[in-house]
Peer 1: 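One structure is given below, represented as structure tokens, and several questions about it will come after.
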Amino acid sequence: MRTLELWTDSFHEGEWFMHNIKKLCGASSCHYIHNFIPSYTVELDPANNIEMIVYGSYKSWENIPSKINTLLEMGKPDIILYERESDEIILAIEETAAVPTGNQALQRCERIFGSAYLKIPFIYLLPEYGLHKDGNVRRASIWPTLLGLKLSLQFQVPSISLLYSDIDNPEDYSKGTGLDMLFQYTYYLIKQHLGVMDKSEYQKLTALTTDIITEMCAFVISQFDKIIRFFPDLLRFKKKAFAILLAHRILDKESKDVDITIDKFLLWPLTKDRGIPAEFKDVSLGAINNNDFLLAIDDCVRKNKGYVLSQGVGTRPQSKKDISGWFKIQSAFSKQLNLPYKKPSADLKKTDKGNYHITTSKNITYLIDALEDIDNAYAAAFPQHGLSLNKLLINTAALPVFLYICNSLKPRRMFGDPFTGQFAAFANIFCYSGTYRKIRNAIIYLPYQSAGCFYDKDKKLTRNKGTAIYSLLADIVICNDGYVVSFQDKGKLYGKENTL
DNA sequence: GTACGACTTAAGGCACCGGC
DNA sequence: GCCGGTGCCTTAAGTCGTAC
């Protein structure tokens, strides 16, 4: 009898998984190892029994397999299904009831990316409709679904998002197709992994995969215009042939693709190639708090050298007391590296309620046609360093740029949720082609974060979820006062001192 | 044009946990 | 006990459509 291990954040999630997967199987029984570790024997089909052991709370165990540890470095999925005998992760699952508001909808995307990057199948189960605290219903974001489709194509591994609930029953598991599809798909993946899948079941798996992709595409088509002003690949998303092709690519890794347009999947064009459509004309530019670098980037957009995608912008003001405390800690981080810390030259703008805006640029995502324009803006705003971004990024200097801004002031906050997930989603979607060919530079700008936040007391790059993701997806990070951490150069710090 | 309110965004709060 | 990292969730304030 083969034994599978269920690694979860809590026993509760393990029990939830077993409760649902058992429904698709024959007889089952449960006993407890050492009186507390649940071990199920499940009749997968009349010819195959399997044992499933539930390990709750990842960090409580000493024998955690190294493959699971590697996956956890890029974010913690709720459930990981693993077989020790073959040392293979069969599947990772993320399950949430969170209402999709703002960047929260993107906060789990680094897990989606991490799994696909490690060629591990991933299923994300989330509500299509959620009840917001204001009493109104919100519909899910398109970004996790877009990311899943792109990753499935790039890494030839299932990365799917499944939706539950409906508009009249927000957050209700029993509505919609998501929950049923999750466990049906899981059941097939287990059988496929164990090599006990017959031909008719493989056909059913193919049909199910095609259905899931069709639903993911349909969801994006019905929802994109609520979230972005422009969507680049609509025709493909409407074609059933694409769902069939992608299902085939995911399930039959030996197959040679015949569709040479895969590389152009979801390609975000240059302004100079497509011009500025009318819907971009009224886009909101400008800064709340003055920032020379970002004002120059806004100018690029005004001159048709790039565009922004956000629809509506947000600001999250903070109290004066918190702000001054965080500035002190940021300064201390800079001091550790003997760097200056530069506060904004003018006072932060005050809100009606007496808080202060920390927002610089109102948009946090820019797609800029040429690195040269970013380089010019950088050189004008931070002349003291004498740095050329064109030279720093010499291997990718010909590529356009995705610029991500995080105005977070609280030290090291940007390494955690929701920022890491948001960056991971955008960096993959904007900066890599359908065959995972790099097509844009990914540049992060953190106006308030000291470069010192990136290093420990021994001046080594800190190891956390943020730096793990940046190492894979970011080219450079521009920190406070223009100091640059280069992830093309293993986290080396650049500035006028040219130190680390 | 402006007032309103439904809706979106972007930031930290906070609970939990592990190391010291 | 405190402190820092992580991850789920809350919320200040801006946006934008609509009605007058």
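Lettering follows sequence order; numbering is per chain, from 1. All of these numbers come straight from a predicted model, not from anything done at the bench. Both backbone and side-chain heavy atoms feed into the values below; hydrogens, waters and symmetry mates do not.
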Peer 1: Mind running a 4.0 Å heavy-atom check of residues 406-414 of chain A against DNA chain B and sending the residues that fall below it, in number order?
Peer 2: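 Contacting residues: A:N407, A:S408, A:L409, A:K410, A:R413.
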Peer 1: Which is it for A:F237 and A:F231 under the ring-ring contact (aromatic ring centres under 6.0 Å, His included) test, yes or no, and what are the steps along the way?
Peer 2: CA-CA 10 Å; A:F237 275 65; A:F231 189 80; 5.1 Å; yes
Peer 1: Let's see if you can work this out: which of B:dT8, B:dA6, C:dG7 has an atom nearest to the side-chain heavy atoms of A:N136?
Peer 2: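 Among B:dT8, B:dA6, C:dG7, the one nearest the side chain of A:N136 is B:dA6.
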Peer 1: Applying a 4.0 Å non-hydrogen cut-off, can you work out what A:D352 is touching in the nucleic acid: base, sugar-phosphate, or nothing?
Peer 2: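 Nothing, no nucleic acid heavy atom in range.
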Peer 1: Base, sugar-phosphate alone, or nothing: which one does A:E110 contact when heavy atoms must sit under 4.0 Å apart?
Peer 2: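 Contact class for A:E110: none.
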Peer 1: Out of C:dC8, B:dG12, B:dT9, which nucleotide sits closest to the side chain of A:R108?
Peer 2: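 Nearest nucleotide to the side chain: C:dC8.
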Peer 1: When you get a sec, tell me which of B:dG12, C:dG7, C:dC8 is the closest nucleotide to the side chain of A:K76?
Peer 2: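 When the side chain of A:K76 is considered, C:dG7 is the closest of B:dG12, C:dG7, C:dC8.
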Peer 1: Ring-plane angle category for A:F113 and A:Y436, please: parallel below 30°, perpendicular beyond 60°, tilted otherwise.
Peer 2: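 Answer is tilted, since the angle falls between 30° and 60°.
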Peer 1: Could a donor-acceptor pair under 3.5 angstrom be found where the side chain of A:N103 meets the base of B:dA11?
Peer 2: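 In this structure, the two groups form a donor-acceptor pair.
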Peer 1: Determine whether the aromatic ring centres of residues A:F454 and A:F415 are separated by less than 6.0 angstrom.
Peer 2: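 Under 6.0 Å, so yes.
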Peer 1: Side chain of A:Q107: nearest nucleotide among C:dA13, C:dC8, B:dG12?
Peer 2: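 The answer is C:dC8, which lies nearest to the side chain.
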Peer 1: What nucleotide, of C:dT11, C:dG14, B:dG12, holds the atom closest to the side chain of A:H357?
Peer 2: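 Minimum distance to the A:H357 side chain belongs to C:dG14.
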Peer 1: Answer with yes or no whether A:R316 presents, from its side chain, a donor or acceptor under 3.5 Å of a partner atom in the base of C:dT11.
Peer 2: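 For A:R316, whose side chain was compared with the base of C:dT11, there is a donor-acceptor pair (under 3.5 Å).
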Peer 1: Could you tell me whether A:R139 contacts a base, only the sugar-phosphate backbone, or nothing, with contacts defined as non-hydrogen atoms closer than 4.0 Å?
Peer 2: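 Nothing, no nucleic acid heavy atom in range.
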Peer 1: Scan A:L182, A:D78, A:T186 and name whichever one has a side chain to side chain contact (heavy atoms under 4.5 Å, CB included) with A:F17.
Peer 2: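 For A:F17, the side chain to side chain contact (heavy atoms under 4.5 Å, CB included) check succeeds only for A:T186.
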Peer 1: Measure from the side chain of A:Q104, starting at C-beta and using heavy atoms only, and say which of C:dA13, C:dC9, C:dC8 lies closest.
Peer 2: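 Given the options C:dA13, C:dC9, C:dC8, the side chain of A:Q104 is closest to C:dC9.
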Peer 1: Apply the side chain to side chain contact (heavy atoms under 4.5 Å, CB included) test between A:S159 and each candidate in A:L149, A:I112, A:L147, A:I120; give the one that qualifies.
Peer 2: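 Testing each of A:L149, A:I112, A:L147, A:I120 against A:S159, the sole residue satisfying side chain to side chain contact (heavy atoms under 4.5 Å, CB included) is A:I112.
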Peer 1: List the residues meeting salt bridge (Lys or Arg N to Asp or Glu O under 4.0 Å) with A:D369, not counting sequence neighbours, and say none if there are none.
Peer 2: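 Listed in chain order: nothing, the list is empty.
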